[in-house]
Amino acid sequence: MKKLNTGTFRFDGKKPYSASETPTLVDPFYTDEADRARQLDLLSDRMDQAQNQMHAHEKYGLVVLFQAMDAGGKDSSIRHVFKGVNPSRFQIASFKKPGKEDLAHDFMWRFWKKLPERGTIGIFNRTYYEEVLALKVHPERLEDSNVPEEFIDNLPRLWKQRYTDIANFEDYLHRNGFRVVKFYLHVSKKEQGQRLIARLKDDEKQWKLSDNDLIEREEWADYMSAYEDAINGTASKSAPWYVIPSDDRANQQLIIAHIMTEILESLPVIFPEKDTKEAQRLIKKIEKQDA
């Protein structure tokens with residue numbers, strides 16, 4: 001079993017991302033399910049300790065973005081990778097089709113509102129990248145976005161401007177102490193198809209699928225192209241993309257856990273300096289209260 005090198009999955013603008021040249025399946029980094037569970041538990045403990053230190057330090061935070069095609073494994077990855085993180089220092093925001101209030105503001109507005117506080121991990125399950133993914137595949141939807149026509153009459157220019165806006169936003173967050181970690185869960189069309197069929201055979205999951213989902217699946221090639229453009233247009237040293245081979249869910253979760261652990265442990269955070277005199281004063285106060 002080879003050692004897991006997280007840099008293998010990192011795209012920071014130094015090399016171009018190509019969907020067709022990036023694998024959706026790699027050799028497993030675990031020997032069996034017991035080994036995977038053991039590794040995840042160890043990484044979970046390390047993440048919790050590092051996050052605890054970040055929380056006490058109160059100057060850094062994490063914004064973790066998950067993007068994928070349907071059935072890519074976003075929910076299961078979030079559930080398994082972050083299972084050991086203190087829930088009081090962890091928040092999840094899930095974004096669907098923008099509503100009337102959202103469309104009355106700029107395209108980033110609803111995402112700004114859900115940013116985490118310092119010392120906290122914030123998860124975005126689907127993200128502002130939908131504004132350059134789904135909309136790029138379906139540009140006709142821009143007509144309902146309330147963006148003035150003068151800005152959408154040249155689509156190549158619009159997408160380039162949005163990549164710039166997003167990159168500047170992420171750089172801004174980084175300069176304010178918020179690390180931006182972007183995961184694209186790269187699953188093959190064949191594997192996705194098998195997962196969708198499994199959902200349709202499951203009484204508890206069948207409701208998740210409709211004809212509209214399969215219509216979107218017909219645009220697979222366009223979505224792969226849109227992901228390429230979005231990743232290449234926004235990957236940077238301060239806000240890299242991690243493209244995770246996701247045909248093997250177990251391997252997917254293990255890779256994400258390793259990346260998250262490395263990032264949390266790399267933060268220059270420390271616990272506040274211990275004040276022995278103050279601790280003794282408070283101890284005496286507690287003992288007096290209980291006397």
Side-chain angles (χ1 to χ4, degrees), residues 61-79 82 87 90-117 120-155 157-170 172-173 176 178 180-185 192 196 199 204-220 222-223 226-227 229-231 233-234 239 241:
L62 256 64
V63 182
V64 187
L65 312 182
F66 279 88
Q67 279 291 157
M69 298 293 285
D70 283 346
K74 299 186 300 299
D75 292 345
S76 59
S77 289
I78 294 169
R79 184 166 58 252
F82 298 96
F90 175 77
Q91 63 189 58
I92 301 177
S94 182
F95 299 96
K96 300 185 183 299
K97 185 179 179 180
K100 184 177 180 180
E101 184 182 17
D102 301 320
L103 295 175
H105 295 80
D106 62 275
F107 81 91
M108 291 292 291
W109 177 76
R110 62 183 179 137
F111 305 101
W112 277 97
K113 297 195 303 175
K114 297 295 185 179
L115 290 173
E117 299 176 350
T120 303
I121 298 175
I123 306 291
F124 281 10
N125 187 341
R126 292 199 184 278
T127 74
Y128 43 84
Y129 279 97
E130 291 294 326
E131 303 293 331
V132 292
L133 292 168
L135 285 184
K136 191 170 187 180
V137 174
H138 299 284
E140 68 278 2
R141 296 178 186 174
L142 283 166
E143 296 178 3
D144 299 323
S145 66
N146 293 335
V147 176
E149 291 181 5
E150 64 177 297
F151 298 112
I152 60 177
D153 60 1
N154 185 326
L155 288 178
R157 179 184 63 191
L158 174 69
W159 305 129
K160 185 176 180 180
Q161 289 172 339
R162 288 200 170 186
Y163 298 147
T164 300
D165 292 337
I166 289 172
N168 287 340
F169 168 69
E170 292 173 346
Y172 167 82
L173 289 176
N176 278 272
F178 291 88
V180 181
V181 189
K182 301 181 288 191
F183 291 114
Y184 166 48
L185 310 185
Q192 190 222 32
L196 295 179
R199 282 185 182 180
E204 295 183 2
K205 295 182 178 180
Q206 183 180 351
W207 63 270
K208 292 183 177 183
L209 284 174
S210 68
D211 285 329
N212 287 336
D213 297 304
L214 301 188
I215 291 173
E216 284 294 285
R217 194 166 186 264
E218 293 175 1
E219 311 292 345
W220 187 275
D222 288 341
Y223 270 106
Y227 268 107
D229 292 341
I231 291 172
T234 61
W241 277 94

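Hydrogens, waters and symmetry mates are skipped; everything else that's a heavy atom, side chains included, is used.
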Drop me the distance from [X]'s [atom1] to [Y]'s [atom2], to the nearest 0.5 angstrom.
X: Lys74; Y: Met69; atom1: NZ; atom2: CE; value: 10.0 Å
X: Gln67; Y: Arg126; atom1: CD; atom2: CZ; value: 6.5 Å
X: Ile92; Y: Ile78; atom1: CD1; atom2: CD1; value: 5.5 Å
X: Phe151; Y: Glu149; atom1: CZ; atom2: CD; value: 12.0 Å
X: Thr127; Y: Lys182; atom1: OG1; atom2: NZ; value: 9.0 Å
X: Arg217; Y: Asp211; atom1: CZ; atom2: CG; value: 13.5 Å

Check: [Y] and [X] side chains under 4.5 Å, non-hydrogen atoms:
X: Glu131; Y: Asp165; value: no
X: Asp75; Y: Phe66; value: no
X: Tyr128; Y: Phe169; value: yes
X: Phe82; Y: Ile123; value: yes
X: Asn212; Y: Ile215; value: yes

Check for a donor-acceptor pair, side chain of [X] on one end and backbone N or O of [Y] on the other, with a separation under 3.5 Å.
X: Asn146; Y: Leu103; value: yes
X: Asp213; Y: Ser210; value: yes
X: Asp102; Y: Gly99; value: yes
X: Gln192; Y: Ala71; value: no

Problem - Passing candidate, ring pair (Phe, Tyr, Trp, His ring centres under 6.0 Å) with Tyr129, options Tyr227, Phe124, Trp241 - result: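 Exactly one option meets the ring pair (Phe, Tyr, Trp, His ring centres under 6.0 Å) with Tyr129, and it is Trp241.
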Practice task
Evaluate the ring planes of Phe111 and Phe95, with Trp represented by its six-membered ring, and classify them as parallel (under 30°), tilted (30 to 60°) or perpendicular (over 60°).
Solution key: tilted
Nearest non-hydrogen partners of [X] and [Y], listed with the distance:
X: Glu216; Y: Arg141; value: OE2-NH2, 3.4 Å
X: Ile121; Y: Pro116; value: C-CB, 4.3 Å
X: Ala226; Y: Val132; value: CB-O, 4.3 Å
X: Lys136; Y: Tyr163; value: NZ-OH, 3.1 Å
X: Val137; Y: Glu219; value: CG1-CB, 3.8 Å

Fill in the blank from the handout: Between Leu158 and the options Leu135, Leu142, Asp153, the side chain to side chain contact (heavy atoms under 4.5 Å, CB included) test singles out Leu142
Completion exercise
Given the options Val180, Ile166, Asp229, Thr234 meets side chain to side chain contact (heavy atoms under 4.5 Å, CB included) only with Ile166
Exceeds 12 heavy-atom contacts within 6.0 angstrom, atom [atom1] of [X]:
X: Lys208; atom1: NZ; value: yes
X: Glu140; atom1: CD; value: yes
X: Glu117; atom1: CD; value: no

Handout entry: Working for salt bridge (charged side-chain N to carboxylate O under 4.0 Å, His left out), residues Asp106 and Lys113
Key = CA-CA 12 Å; Asp106 62 275; Lys113 297 195 303 175; over 6 Å; no
Practice task
Determine, step by step, whether Leu115 and Phe178 satisfy the side chain to side chain contact (heavy atoms under 4.5 Å, CB included) criterion, reporting the C-alpha distance in whole Å, the side-chain angles of both residues, the deciding distance to 0.1 Å, and the verdict.
Solution key: CA-CA 10 Å; Leu115 290 173; Phe178 291 88; over 6 Å; no
